[in-house]
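Structure first, then comments.
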Protein chains: 2
Amino acid sequence: MEKRVLRADARRNREAIVAAARAVFDDDEQLRFDDFAARAGVGVGTLYRHFPTREALAAAVYEGEVAGLLEQARDSTRSAGENLDAFLRGFVEYLVAHAGLARTLAAVVDPAVQADRGSELENTVADLLQRAAADGAVRDDVGVGAIMIVLHGIGSATDRPHWAAEARGAADLLLAGLRTG
Amino acid sequence: MEKRVLRADARRNREAIVAAARAVFDDDEQLRFDDFAARAGVGVGTLYRHFPTREALAAAVYEGEVAGLLEQARDSTRSAGENLDAFLRGFVEYLVAHAGLARTLAAVVDPAVQADRGSELENTVADLLQRAAADGAVRDDVGVGAIMIVLHGIGSATDRPHWAAEARGAADLLLAGLRTG
DNA sequence: GGAGAATATGGAGATCATCTCCAGTTGTCA
DNA sequence: TGACAACTGGAGATGATCTCCATATTCTCC
């Protein structure tokens, strides 16, 4: 986890790049990596300094996107079981609504990277799961990993003809499986 | 579905390429596409004529691999429910045992391609599912797509630290979800 | 507010994987 | 065995990726 403070121009450029990349991904445009620089009004060198690989760029976009979702994750007026349920369904709906983004990110974000850094997404799901299990709302012998795998599957299937419906089906299956004693 | 009969030398080369590729994938070697040709003792041109893209090559390997698994899919001494259960668990075990292969294939075989051509794998799962549902062994409101998505997630998660365990966990969840009324 | 020191920039061009093309070889069939 | 179609191999064109560094911008401290 880097601590270095970026110079003002560096931060500005970094943000411009991420913003441009998010737009490109969301539109599902297929762009040469170099062109992301042009989109952001920045030189190639700058792009590469901030994001050495396509993956790094995708990870940065991903982080920003997920942050928004995580905020709604915990709602104290609901039970732990309801929270888990709502979050997972919400996540799937988000993916469905942003297929382009989901496609790019799934294709490009290495699951191992997310796992290594204990991604916030995974931590949040782990927490929701643990609370729901403690409440007896779901079984307690399932790891977060299994859930992450299913989520990743959903995110990487955007090209399937009836993806949206199938994604919801997979989520249903997942939640039904969790509720099993 | 091609019908053309290949000349003897062409068939020989094609098979050599697929065999070499399977070995490379299984060892999880990262090779320039051109080098697959050298591995198979064949010129680059030949490689490209048979397999215009990396995906095409992966698909050929994939087809060969899956064929083996499908043979064991139906066992008339077992109930439809048991068959589905056994096949899905067997598939996961196969992936676990061939992580390198699973990684490459998942990374490279476009899910849409599989879906378009009604891949044999999908057809088989659909059939097993339908029979199990008719038997009342599993719910009847789930499409194959949902299952394929989970399987794809399992196949693409090979880089996660505790992949094997998590893969089995995901399969458990899937099967438990299917059994729900 | 100005003189360094530190940090960041951009884009020309090196590098390297991908893919095409076709002169030559091999297999097939009568 | 000859004639023709099918197939081969690999040199080189193509085009994306990434490096390098002379120049520019920001920061710090007096």
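In the text below, chain A, chain B and the rest are named by the order of the sequence lines, each starting its count at 1. Only a predicted model underlies this, so the values are computations on that prediction, with no experimental measurement involved.
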* Is there a donor-acceptor pair under 3.5 Å between the side chain of B:Thr124 and the backbone N or O of B:Glu120? ->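 Yes; judged by distance alone, with no hydrogens or angles, the pair exists.
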Report the distance from atom [atom1] of [X] to atom [atom2] of [N], rounded to the nearest whole Å.
X       : N      : atom1 : atom2 : value
A:Leu47 : D:dC18 : CG    : P     : 10 Å
A:Phe36 : C:dG11 : CZ    : P     : 19 Å
B:Glu15 : D:dT8  : CD    : P     : 12 Å

* **Sequence neighbours excluded, every pair satisfying side chain to side chain donor-acceptor pair (under 3.5 Å) that has a member inside residues 7-16 of chain B** => B:Arg7-B:Asp9
Give the table of side-chain donor-acceptor pairs shorter than 3.5 Å for residues 34-41 of chain A, with sequence neighbours excluded, one pair per line with atom names and distance.
unit_1: A:Arg39; atom_1: NH1; unit_2: A:Glu29; atom_2: OE1; d: 3.2
unit_1: A:Arg39; atom_1: NH2; unit_2: A:Glu29; atom_2: OE2; d: 2.9

* Under 4.0 Å protein heavy-atom contacts per nucleotide of nucleotides 13-25 of chain C, with B for base, S for backbone only and - for none -> ----SBBB-----
Qualifying residues under side chain to side chain contact (heavy atoms under 4.5 Å, CB included), relative to [X], sequence neighbours excluded:
X        : result
A:Gln72  : none
B:Val142 : A:Leu173, B:Arg139, B:Ala146, B:Leu178
A:Ser79  : A:Glu82
A:Arg89  : A:Asp85, A:Asp172, A:Leu175, A:Arg179

[X]: which residues meet the side chain to side chain donor-acceptor pair (under 3.5 Å) condition with it, sequence neighbours left out?
X        : value
A:Arg78  : A:Asn83
B:Asp28  : B:Arg103
A:Gln130 : none

Is the phosphate of [N], meaning OP1 or OP2, less than 4.0 Å from a side-chain N or O of [X]?
X       : N     : value
B:Thr46 : D:dG9 : yes
B:Asn13 : D:dT8 : yes
A:His50 : C:dT9 : yes

* To do: State yes or no: are the ring centers of B:Phe33 and B:Phe51 separated by less than 6.0 Å?
  => no
* Asked: Hey, does A:Arg12 reach any base, or is it just sugar-phosphate, or nothing, if we go heavy atoms under 4.0 Å?
  ->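 Touches sugar-phosphate only.
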* Just checking B:Arg11: base, sugar-phosphate only, or nothing, at a heavy-atom cut-off of under 4.0 Å? ->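 No contact.
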Close N or O pairs between protein and nucleotides 28-30 of chain D (under 3.5 Å):
none

* To do: Note the angle between the end axes of the helix from C:dG1-D:dC30 to C:dA30-D:dT1, five pairs defining each, rounded to 10 degrees.
  => 30°
